[in-house]
Amino acid sequence: MTTIDASLFEDLQARGLIAQTTGGDVMADYLAAGSRTLYSGFDPTADSLHIGHLVPLLALKRFQRAGHKPIALVGGATGLVGDPSFKAAERKLNTPDIVAGWTDKLKAQVSRFIDFDCGANSAEVVNNLDWMGQMDVLTFLRDVGKHFSVNNMINKESVKQRIDREGAGISFTEFTYMLLQSYDFAELYQRYNCTLQIGGSDQWGNITGGIDLARRMYGGETYGLTLPLVTKADGTKFGKTESGTIWLDPAKTSPYAFYQFWLGAADADVYKFLRYFTFLPLEQIAAIEASDRETQGRPQAQSVLAREVTALIHGDEGLAAAERITEALFSGSLESLGESDLEQLKLDGLPSSELVRGELASRPLTQWLVDAGMAGSGKQVKDALARAAVAINGVAVDADDNTNAEACFVSERALFGRFYVVKLGKKKYHLFEIK
RNA sequence: GCAGGGGUUCCCGAGUGGCCAAAGGGAUCAGACUGUAAAUCUGACGCGAAAGCUUCGGUGGUUCGAAUCCACCCCCCUGCACCA
């Protein structure tokens, strides 16, 4: 028999992970009284999840650890429609082929986080296309649509800006999204006795819609819980960097880049992130915070956070790789690296590319670095060159050297005759190998 | 369909014949200061090493000269009509 950790709710609350719950104060008792089945949905809007999905994903795991049964729903059907909640504009529809491909990828990704073999509260992964795909319009309109009042729907905060705002607008397709998600909840209630839906706070409207529908269709009593949207103290968007979204797929965001992202968390955010994104006990997080406060200089919280989250997503090997690169680039000196170390850095995910010596003279250095993805445009590189912020194997490159890429990559300066570590700015590194 | 409003560089948003690669803000990048923080200050921010080239929904036109004027077209919003 599964044992229930009755302190789950209290822990979630203390971590700041509860934005809203339905049913007033009953949630804590409801969760403590028995093993519940809950779900959270992930729509395939890209070929990978990103760190914005981490809070609900980890929440499923928290619930499972506490003895509840999590269902991860991948929205093969809802992804075809598009959730309008708090989106400023209508989105383009993706083709069914693409969405189906993404659905498969997300299913695989989601599956790595939850346990499918732990007895009664083993996880499930479902795809709502399985029950939505073959439903015909008339059945949908009669059985589902009839339970919704348009009057209520247009008053939902999540679509209000689209309806009120001049220059915006919402198609019937997106407007219907709420019905689809609501039907999911009702269906899961029916199939799995799933009585709780969790999701980001932007999902409140969709979740309460599902609760109403489950009651109207099946007389079921279900609950909802929303998690906070992750915000940063400086007001910029969480999860984006100059190089774009931080993905969970190591092929899209290397464990090294992933690790670096967390390492760069602001002091004002880092303790919150520890509570949100790790399973470390709250007392331990409090201890870290207290100790950082007493210490001058660099806090330890960021590195704890980076280690914990990277290990969680990319495993111990991913973490080890990320730490190896970080150590080599930021702490050690390049000379201390052996030939195999450099090979390893490449394998570990340090961005790298190959150059052919004979072709070097054909283009200026700026172009080579842009091609390698180190900067968005030659202008940026040029700016860095003017400030002596570009270094090749530790030697700063001058703006005058720009047109002479061959001289920048002279063989005498190469490590082991073929490697060049190029640094642009303080944090961007790229490994070039001469072929 | 009719009437009105609108489409500007990543986003918001000025600009209504030359002084516009296009104000201002945000985001982003680089430097100083630092802790691979924050705040602050400085610089960059269409593309190009440069000469120069290409932009303001699209296509044509007027003009010495157009983001700005004209014509047609496309798209969005609001209202009305049509429909019922």
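Per chain, numbering begins at 1; letters A, B, ... match sequence-line order. As the structure is a computational prediction, the values presented were derived from the model and not from experiment.
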ring-ring contact (aromatic ring centres under 6.0 Å, His included) pairs, two or more places apart, involving residues 354-382 of chain A: none

If you check every side-chain atom of A:Q302, which of B:A49, B:G35, B:C47 has the closest atom? B:G35

For residues A:F185 and A:Y39, establish whether the separation of their ring centroids is below 6.0 Å. yes

Among A:R387, A:K379, A:Q380, which residue meets the side-chain hydrogen bond (donor to acceptor under 3.5 Å, both in side chains) test with A:D383? A:R387

Determine whether the aromatic ring centres of residues A:F63 and A:F9 are separated by less than 6.0 angstrom. no

Can you see if the side chain of A:T236 gets near the phosphate of B:A27 - specifically, an N or O under 4.0 Å from OP1 or OP2? no

Counting any heavy atom closer than 4.0 Å, what does A:A388 reach on the DNA or RNA strands: base, sugar-phosphate only, or nothing? nothing

A:K427 side chain N/O closer than 4.0 Å to the phosphate oxygens (OP1, OP2) of B:A37? yes

Given atom CG of A:N402 and atom C1' of B:G48, what is their separation to the nearest angstrom? 11 Å

Assign each of A:Q380 and A:A265 the nucleotide of RNA chain B bearing its closest heavy atom; nearer the 5' end lies the nucleotide of A:Q380

Scan side-chain atoms only and decide if A:N94 and A:W102 contain a donor-acceptor pair under the 3.5 Å cut-off. no

From the list B:A37, B:A30, B:A49, which nucleotide is the closest neighbour of the side chain of A:D267? B:A37

Can you find a side chain N or O atom of A:K428 that sits less than 4.0 Å from OP1 or OP2 on B:C29? no

With the side chain defined as heavy atoms from C-beta on, A:T326 is closest, among B:U36, B:G35, B:A49, to B:U36

Would you indicate, yes or no, if B:G35 has its OP1 or OP2 atom less than 4.0 angstrom from a side-chain nitrogen or oxygen of A:K426? no

For atom P, what is the distance between B:G61 and B:A67, given to the nearest Å? 15 Å

Between P of B:A38 and NZ of A:K232, the distance in whole Å: 9 Å

Roughly how far apart, to the nearest Å, are B:C10 and B:C47 at atom P? 10 Å

Would the base of B:G31 count as contacting A:D383 through its side chain, where contact means a donor and an acceptor less than 3.5 Å apart? no

Distance between the P atoms of B:C20 and B:C45, in whole angstroms? 16 Å

P gap between B:G52 and B:G58, integer Å: 26 Å

What residues 252-263 of chain A contributes to the RNA chain B interface at heavy-atom separation below 4.0 Å is A:Q260, A:L263

Whether the side chain of A:D292 engages the backbone of A:Q300 through a donor-acceptor N/O pair (distance < 3.5 Å, no angle test) should be reported. yes

A:R387 CZ - B:A32 C1' separation (whole Å): 9 Å

Closer than 4.0 Å, any side-chain N/O of A:R298 to the OP1 or OP2 of B:A37? no

Taking the side chain as C-beta and beyond, is there a heavy-atom pair between A:Y218 and A:L213 under 4.5 Å? no

A:A389 vs A:P364, nearer the 5' end of RNA chain B by closest nucleotide: A:A389

Under the salt bridge (Lys or Arg N to Asp or Glu O under 4.0 Å) test, which residues partner A:D401, sequence neighbours left out? none

